[in-house]
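Report on the structure given below.
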Amino acid sequence: MVPEKPVLEGLEEKWRARWDAAHAYRFDRQARREDVFAIDTPPPTVSGSLHVGHVFSYTHTDVIARYQRMRGKAVFYPMGWDDNGLPTERRVQNFYGVRCDPSLPYDPAFVPPAKPGKQPISVSRPNFVELCERLTAEDEAVFERLWRYLGLSVDWSMTYATISAASRSVSQLAFLRLIQRDLAYQLEAPTLWDVDFRTAVAQAELEDREMPGAYHRVRFARPDAGFVEVETTRPELLPSCVALVAHPDDPRYQPLFGTEVVTPLFGVPVPLKAHPLADPEKGSGVAMICTFGDITDVTWWRELSLPVRAVVQANGAFRPVTWGAEGWESHDPARAQTHYDQLAGQSAVKARARIVELLRESGDLLGEPRPITHHVKFFEKGDRPLEIVTSRQWFIRTMAEREALLERGRTLEWHPEYMRARFENWVNGLNGDWCVSRQRFFGVPFPVWYRVRDDGTTNFDARLLPDEADLPVDPSTDVPAGFTAAQRGVPGGFIGDPDVMDTWATSSLTPFIVCGWGGRDDALFKQTFPMHLRPQAHDIIRTWLFSTVLRSHLELDMLPWAHTAISGWVLDPDRKKMSKSKGNVVTPMALLEEHGSDAVRYWAAKGGPGVDTAFEPGQMKVGRRLAIKLLNASKFVLARTEPIGPVTEPIDLGMLGELVALEQKVTDSLDAYDYAAALRDIEAFFWTFCDYYIELVKRRRQADDAAARSAISASRIALSAVLRMFAPFTPFVTEEVWSWWQTGSIHQAQWPATSLPEAATSGEIDTYMRACAVTRRIREERSALNLGFRVPVEAEMRLPATHQEAWEQMRGDVLGGSNVAAARVTFDLADDAPLEVHLTPQTLPEV
RNA sequence: AGGCGCGUAGCUCAGCUGGUUAGAGCGCCUGCUUGACAUGCAGGAGGUCGGCGGUUCGAGUCCGCCCGUGCCUACCA
């Protein structure tokens with residue numbers, strides 16, 4: 001039934017509830033593999049907040065999902081929540097005012113305070129994890145409500161979370177398999193380290209920030225009483241200096257290679273080495289190698305076989321050192337000790353200030369520090385520069401796979417194509433294997449225990465691994481086979497690996513998690529893997545996309561999906577990325593409520609694949625207008641649905657000819673993931689349909705003859721097809737209109753493939769176009785003469801000779817549609833000449 | 001510093017493998033209570049397609065250089 005006054009308000013809630021009740025988007029487990037379209041949806045970080053960028057890119061995916069469903073695919077479209085990891089820990093700490101202290105025992109009676117107190121409460125790790133789970137459950141409910149309101153056609157029965165038992169199980173199983181094949185290994189090595197979070201971080205999590213710094217010119221004594229001068233930005237690392245280095249071809253230092261110099265303040269003899277990575281242009285051409293100031297230090301240390309003198313501890317403070325002891329030899333241990341004792345326990349920043357004073361006093365600082373700005377590596381979520389700390393970490397082999405990964409990237413179909421460069425860029429820039437262990441609490445634990453030697457030390461080579469059937473395990477509470485809980489941490493017993501995995505180590509397995517890999521659901525895995533589409537934004541190509549390709553490559557020797565569709569970012573009007581810190585984010589729910597979900601989706605879908613798109617309420621208003629137009633135009637078409645009959649009139653056939661061409665074009669665009677082009681074309685057709693076709697046939701269809709039947713039938717055919725083509729973009733309004741006159745959901749209807757009536761020839765499209773052109777000329781003329789539509793006019797027209805034949809076929813529609821009472825027409829213009837139309841108002845007889 | 005985008009009407013953008021007077025929507029201006037829609041309809045104004053060179057019968061479209069802008073990578077001596 002067509003409502004008297006159709007409105008958009010309330011459609012979101014109405015249809016969300018009905019789709020939900022009907023399980024409209026449930027995946028068909030019986031579908032054949034070739035009929036499945038599987039989507040690997042990005043699990044949003046639930047501890048963060050959803051922003052317009054999410055609405056933007058998830059809409060893109062949903063358009064594709066709905067399109068594929070209408071093409072007859074069994075769409076596999078699960079949603080996940082990324083609740084695993086540091087962001088959740090931070091949110092829980094702030095929300096409840098707690099801190100995790102793994103040394104505390106579990107307190108089953110613990111209740112968090114209603115409001116966080118001034119001082120954080122220390123809680124055990126199990127208590128902390130409980131709070132994480134509790135808060136993420138609340139966050140997930142909010143997220144789900146938004147997604148449903150937006151109209152994502154997700155199968156909510158398959159929702160997963162990256163910290164769930166199933167995800168932990170998959171994550172641990174995949175890890176065990178890597179260990180078995182020596183693709184994961186543990187190593188005590190210098191690693192990038194965040195001193196506040198006290199954890200190792202991976203290359204993918206780094207970001208550079210511009211920081212103020214200063215060059216300090218420091219002199220090292222040479223045996224011949226001269227000096228070597230070194231420029232350093234980190235003078236505080238002087239006590240950890242193990243060598244100086246210059247370029248092998250640098251004539252200034254060639255005579256000194258192989259000789260020793262002595263560090264100022266600490267009197268440590270260190271060699272002067274040659275290495276091609278030293279840049280003669282930088283500073284004095286000589287660099288101080290410390291253990292470790294940056295990753296170049298690590299390279300030099302390894303390649304030049306240098307000793308370690310580490311001073312920065314895991315918490316960022318300088319460790320205590322006994323000078324003169326082994327490894328800390330000095331020409332003057334007492335003096336070194338006096339100096340160093342002023343640094344011990346200090347942070348890098350404080351130690352730097354102190355050592356500059358000491359160097360100045362000793363005369364070893366030449367001139368004053370020269371301020372500069374330079375780029376410093378940070379953990380992307382961190383507040384202080386990363387240090388390099390030697391620690392035992394797990395790594396997944398990536399360096400050996402670089403060529404193979406590039407090949408995977410070439411096989412994958414990228415939308416848009418040029419995003420592949422981001423991937424290749426990243427793979428080519430990898431500088432080490434992937435460090436996957438984190439010294440944190442809320443994450444997937446490593447499924448590993450170690451034997452404890454009789455002397456109480458841990459024997460990391462004696463690993464105890466769980467049976468695959470027992471996964472997931474928590475080695476901090478579970479006990480390895482053959483041991484008892486009482487043997488934990490005691491000589492001769494065992495100890496669990498204390499670390500958790502990098503969140504990407506789990507997120508990289510989303511295709512495995514959702515498809516039932518690892519024996520959890522073999523039938524589902526066969527049905528859905530490899531998946532068809534990985535949609536995501538371009539900022540996580542180096543993390544999520546890369547790591548997923550890597551894991552699938554290592555485990556299954558194949559790509560996890562055939563296509564990837566990369567969304568751009570939402571930019572604010574100043575072309576900056578929208579972000580919380582800039583205070584320019586818009587709450588998505590408020591946005592949807594203000595403009596309507598269809599309208600917001602319309603805006604989102606206009607942002608083509610990969611294109612950064614401005615946040616523009618204007619476009620949402622346009623989308624809203626479109627949705628309203630759909631209601632009204634549909635109402636008008638459906639106001640006369642009978643009598644029907646064969647489509648025979650040239651104008652009708654021409655319009656349908658256009659429609660068929662449109663369907664082909666739109667289908668091609670969507671097959672190529674170009675939803676923006678598809679939407680533009682449908683929209684253009686629809687407005688022409690409203691402004692010209694409907695106006696042309698308005699009067700004709702009021703009759704009860706064959707010509708009327710033709711118009712009514714053609715209108716219905718076109719409306720049906722247009723609604724279905726709009727359905728992936730504006731699911732609510734199209735479903736609403738569909739329900740007026742059709743049974744079933746439009747979202748389960750077939751994608752339109754209109755066939756032209758027998759009567760159609762190629763000529764009708766021209767007739768239709770000419771009818772539109774003549775109509776347009778008449779309207780221009782009316783406007784120029786200020787004659788309102790209601791004023792009947794007489795027309796004198798000159799048309800191109802080529803119009804003559806068509807004219808007989810369109811005459812009635814054109815004159816009727818433009819309220820022209822009488823027309824005199826001649827056909828003597830050249831084909832490309834402008835149509836000539838002259839109107840004179842017809843004086844109506846007085847009524 | 002390398003790589004990849006982008007630079008077209010006041011704004012947001014479309015212009016595919018080069019081909020007649022460069023398009024859309026918004027905004028603006030003018031007119032219209034047309035029997036689906038004033039949440040609407042009709043019409044209009046508005047662009048030397050970032051710049052300079054080149055290829056071509058012909059370039060917004062291809063090539064080179066430059067400028068602006070954004071992102072990715074690199075950059076702690």
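Chain naming here is simple, since letters A, B, ... match the order of the sequence lines and numbering starts at 1 in each. Owing to the predicted nature of the structure, the values given are computational and were not obtained by experimental measurement.
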Grab the [atom1]-[atom2] distance between [X] and [N] for me, whole Å please.
{"X": "A/Trp414", "N": "B/G5", "atom1": "CH2", "atom2": "C1'", "answer": "15 Å"}
{"X": "A/Phe615", "N": "B/U12", "atom1": "CZ", "atom2": "P", "answer": "14 Å"}
{"X": "A/Asp208", "N": "B/G2", "atom1": "CG", "atom2": "P", "answer": "17 Å"}
{"X": "A/Glu780", "N": "B/C41", "atom1": "CD", "atom2": "P", "answer": "18 Å"}
{"X": "A/Asp279", "N": "B/A1", "atom1": "CG", "atom2": "P", "answer": "15 Å"}
{"X": "A/Glu594", "N": "B/U39", "atom1": "CD", "atom2": "C1'", "answer": "14 Å"}
{"X": "A/Trp569", "N": "B/U12", "atom1": "CH2", "atom2": "P", "answer": "19 Å"}

Inset, instruction - Output, in order, the C-alpha distance, side-chain angles, deciding distance and verdict of ring-ring contact (aromatic ring centres under 6.0 Å, His included) for A/Trp193 and A/Phe379. - result: CA-CA 8 Å; A/Trp193 184 272; A/Phe379 176 36; over 10 Å; no
Legend entry - Polar pair under 3.5 Å, donor/acceptor by atom type, side chain A/His375, base B/C75: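 Per atom types, the contact qualifies.
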Do the charged groups of [X] and [Y] touch, with an N to O distance under 4.0 Å?
{"X": "A/Glu695", "Y": "A/Arg776", "value": "no"}
{"X": "A/Arg217", "Y": "A/Glu368", "value": "no"}
{"X": "A/Arg700", "Y": "A/Asp813", "value": "yes"}
{"X": "A/Glu683", "Y": "A/Lys606", "value": "yes"}

What integer number of Å spans the [atom1] atoms of [N] and [M]?
{"N": "B/A24", "M": "B/G68", "atom1": "C1'", "answer": "26 Å"}
{"N": "B/G70", "M": "B/G47", "atom1": "P", "answer": "28 Å"}
{"N": "B/U33", "M": "B/U39", "atom1": "P", "answer": "16 Å"}
{"N": "B/C16", "M": "B/G60", "atom1": "C1'", "answer": "14 Å"}
{"N": "B/U69", "M": "B/G53", "atom1": "P", "answer": "23 Å"}
{"N": "B/C62", "M": "B/C49", "atom1": "C1'", "answer": "16 Å"}
{"N": "B/C65", "M": "B/G5", "atom1": "P", "answer": "14 Å"}
{"N": "B/C26", "M": "B/G44", "atom1": "C1'", "answer": "16 Å"}

Inset, instruction - Taking atom CD of A/Glu593 as the centre, report whether more than 12 heavy atoms of other residues, nucleotides or ligands fall under 6.0 Å from it. - result: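 Enclosed.
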Pi-cation contact, [Y] with [X] (under 6.0 Å, within 45°):
{"X": "A/Arg779", "Y": "A/Tyr692", "answer": "yes"}
{"X": "A/Lys282", "Y": "A/Tyr215", "answer": "no"}
{"X": "A/Arg782", "Y": "A/Phe789", "answer": "yes"}

Inset, instruction - Assess the pair A/His595 and A/Trp603: is the distance between their ring centroids shorter than 6.0 Å? - result: no
Under 3.5 Å side-chain donor-acceptor pair for [X] and [Y]:
{"X": "A/Ser567", "Y": "A/His60", "value": "yes"}
{"X": "A/His415", "Y": "A/Asp674", "value": "no"}
{"X": "A/Glu210", "Y": "A/His374", "value": "no"}

Inset, instruction - Specify the residues of residues 668-684 of chain A, ordered by number, for which at least one heavy atom lies under 4.0 angstrom from an atom of RNA chain B. - result: A/Arg680
Legend entry - N/O (side chain, A/Arg420) to phosphate O (OP1/OP2, B/C4) under 4.0 Å: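 It does not, given that no N or O in the side chain of A/Arg420 lies less than 4.0 Å from OP1 or OP2 of B/C4.
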Legend entry - Stem segments of RNA chain B by first residue number [Watson-Crick or G-U, under 3.5 Å, at least 3]: B:1-7 with B:67-73, B:10-13 with B:23-26, B:28-32 with B:40-44, B:50-54 with B:62-66
Inset, instruction - At under 4.0 Å between heavy atoms, which parts of nucleotides 30-37 of chain B does protein reach? Answer with one letter per nucleotide, 5' to 3': B base, S sugar-phosphate only, - none. - result: -S--BBBB
Legend entry - A/Tyr215 vs A/Arg782, nearer the 5' end of RNA chain B by closest nucleotide: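 First, find each residue's nearest nucleotide; the 5'-ward one identifies A/Arg782.
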